[in-house]
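In this text, all values refer to a predicted model and were calculated from it rather than measured experimentally. In listed order, ligands and their atoms are each counted from 1.
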Amino acid sequence: MKKDLKEKIHLFQSPGRVNLIGEHIDYSGGHVLPVAVDRSIFLSASIRNDRLLKFKSLNFNKEIVRSLDDITFRKEDDWANYPKGVVKLLQDSGHRLQGMDLLYEGNIPIGAGLSSSAAIELVTCYAFCSLCSINMKREDMALLCQKAENEFVGMRCGIMDQFIISLGQKGHALFLNCQNLNYELVPFKTDNVSIVVGNTNKKRNLVNSEYNKRRKDCEDGLEILRKYLDVGYLCDVTPLQFEEYRGKLPDIIRRRCEHAVYENERVKKSVSALKKNDIDAFGNLLMESHNSLRDLYEVSCPELDIMVEESLKVEGVFGSRLTGAGFGGCTLSLVRNDRAEYFIQQVSERYYKRTKIKPEFYVCSVEDGVKEII
Ligand code: GLA
């Protein structure tokens with residue numbers, strides 16, 4: 001690359017995330033255990049001399065041009081609303097931004113539960129901070145991007161995705177307390193086990209509205225339980241307390257709360273299992289998690305259930321479950337390394353036979369969070 005071009009163009013990379021366990025409890029003050037993986041969004045960014053932002057993506061055709069002085073949510077701007085939300089929040093926090101040419105390209109499957117939206121938010125935030133000399137801690141970048149998604153895009157997501165994409169580290173899962181954002185990096189050893197992500201290729205429907213509904217159910221449940229218990233968050237309720245007061249909750253709300261309380265326990269047990277390298281125990285917890293998401297939280301769908309069912313039939317699988325928000329998208333399976341190829345071939349065939357949809361599989365490595373690469 002020519003020297004002047006090299007000084008002008010900067011390249012950033014943001015990973016996707018796979019949540020190992022702790023699903024749909026980040027917004028209820030629970031614990032989660034995600035990893036950042038080797039599917040990424042790349043952003044090439046260069047500063048302009050005016051106040052325009054040019055958003056382009058090699059994954060979509062349309063170029064979107066907006067002024068820094070006119071950043072509002074527009075339906076027709078589609079994917080660019082995610083980076084625009086970040087720009088808006090950065091400006092609202094008092095940072096002075098410069099116009100920018102922004103070219104994105106990624107291989108995180110879009111809308112498939114691997115957090116392509118948080119990845120595009122974080123890569124944008126990191127690029128603006130780096131090129132406009134804004135000194136921001138990674139924790140604060142995660143919070144700003146979450147706020148952008150909550151307030152600008154209108155998805156009331158928790159903090160998990162933005163946090164792991166910002167603070168993930170190669171070879172480690174991140175055990176995060178979503179109440180106070182304390183975290184511990186837990187080594188994830190891949191000597192014997194592979195993380196295999198299965199994309200059902202079932203596009204997610206209604207994910208935003210159903211997601212927001214689940215949040216509301218949990219808030220309603222917490223309000224009722226608070227009449228009897230001194231708790232700040234739903235995930236402060238212990239299983240023992242829950243069993244004592246479950247009868248006070250209406251049926252649907254009871255099921256949502258039951259998932260949250262026990263899923264939080266499963267995360268803590270998973271961390272102990274991982275530390276002892278007890279992948280069998282970890283695998284069982286993944287299966288319990290899936291059953292709970294399917295039956296109590298009701299965020300699965302036939303395609304996800306079929307893929308999990310077929311995955312569990314293959315020899316060499318420790319556990320399998322849906323990962324991410326659900327309603328379609330991806331499953332995560334832990335598979336013995338020497339069985340990974342066989343697993344993919346078997347599940348592909350059996351899933352296709354039952355659904356007539358061709359799935360995709362990715363054997364994932366555990367990578368770093370967002371960074372500048374050139
Ligand atoms: C989405 C949200 C996260 C989390 C998961 C479900 O990915 O962005 O905050 O709630 O769903 O665990």
How long is the straight-line distance from CD of E243 back to CD of Q241, given to the nearest 0.5 Å?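 With rounding to 0.5 Å, CD (Q241) is 11.5 Å from CD (E243).
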Out of curiosity, E367 CD to K371 NZ, how far, rounded to the nearest 0.5 Å?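 Here the interatomic distance stands at 7.0 Å.
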Ligand 1 contacted by R215 (non-hydrogen, < 4.0 Å): no
By the definition salt bridge (charged side-chain N to carboxylate O under 4.0 Å, His left out), identify the one residue from R156, R256, R214 that meets it with E219.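 Of the listed options, the one satisfying the test is R156.
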Testing K8, R48, K54 one by one against D101 for a salt bridge (charged side-chain N to carboxylate O under 4.0 Å, His left out), which residue passes?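 Of the listed residues K8, R48, K54, the salt bridge (charged side-chain N to carboxylate O under 4.0 Å, His left out) partner of D101 is R48.
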Suppose we measure from [atom] to each protein heavy atom; which comes out shortest, and what is that distance?
{"atom": "atom 12 (O) of ligand 1", "result": "E23 OE2, 2.5 Å"}
{"atom": "atom 7 (O) of ligand 1", "result": "D161 OD2, 2.7 Å"}
{"atom": "atom 3 (C) of ligand 1", "result": "D26 OD2, 3.3 Å"}
{"atom": "atom 10 (O) of ligand 1", "result": "Y211 OH, 2.6 Å"}
{"atom": "atom 5 (C) of ligand 1", "result": "M160 CE, 3.8 Å"}

Atoms in ligand 1 flagged as close to [X], the criterion being non-hydrogen separation under 4.0 Å:
{"X": "G158", "answer": "9 (O)"}
{"X": "Y27", "answer": "10 (O)"}
{"X": "R17", "answer": "7 (O)"}
{"X": "C157", "answer": "2 (C), 8 (O), 9 (O)"}

Pairing of E309 and K313 as salt bridge, 4.0 angstrom limit: no
Would R74 and D70 pass as an ion pair if we require N to O under 4.0 Å? yes
Should G22 be counted as touching ligand 1, given the test is an N or O pair under 3.5 Å?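 No, there is no polar N/O contact under 3.5 Å.
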Over 12 non-hydrogen atoms of neighbours within 6.0 angstrom of CD1 in I373: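 More than 12 heavy atoms, drawn from other residues, nucleotides or ligands, come within 6.0 Å of this atom.
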Kindly determine whether F163 and Y183 satisfy ring pair (Phe, Tyr, Trp, His ring centres under 6.0 Å), including the steps that lead there. CA-CA 10 Å; F163 207 88; Y183 66 92; 5.6 Å; yes
Part of E263 within contact of ligand 1 (heavy atoms, under 4.0 Å):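 The answer is neither; E263 stays 4.0 Å or more away.
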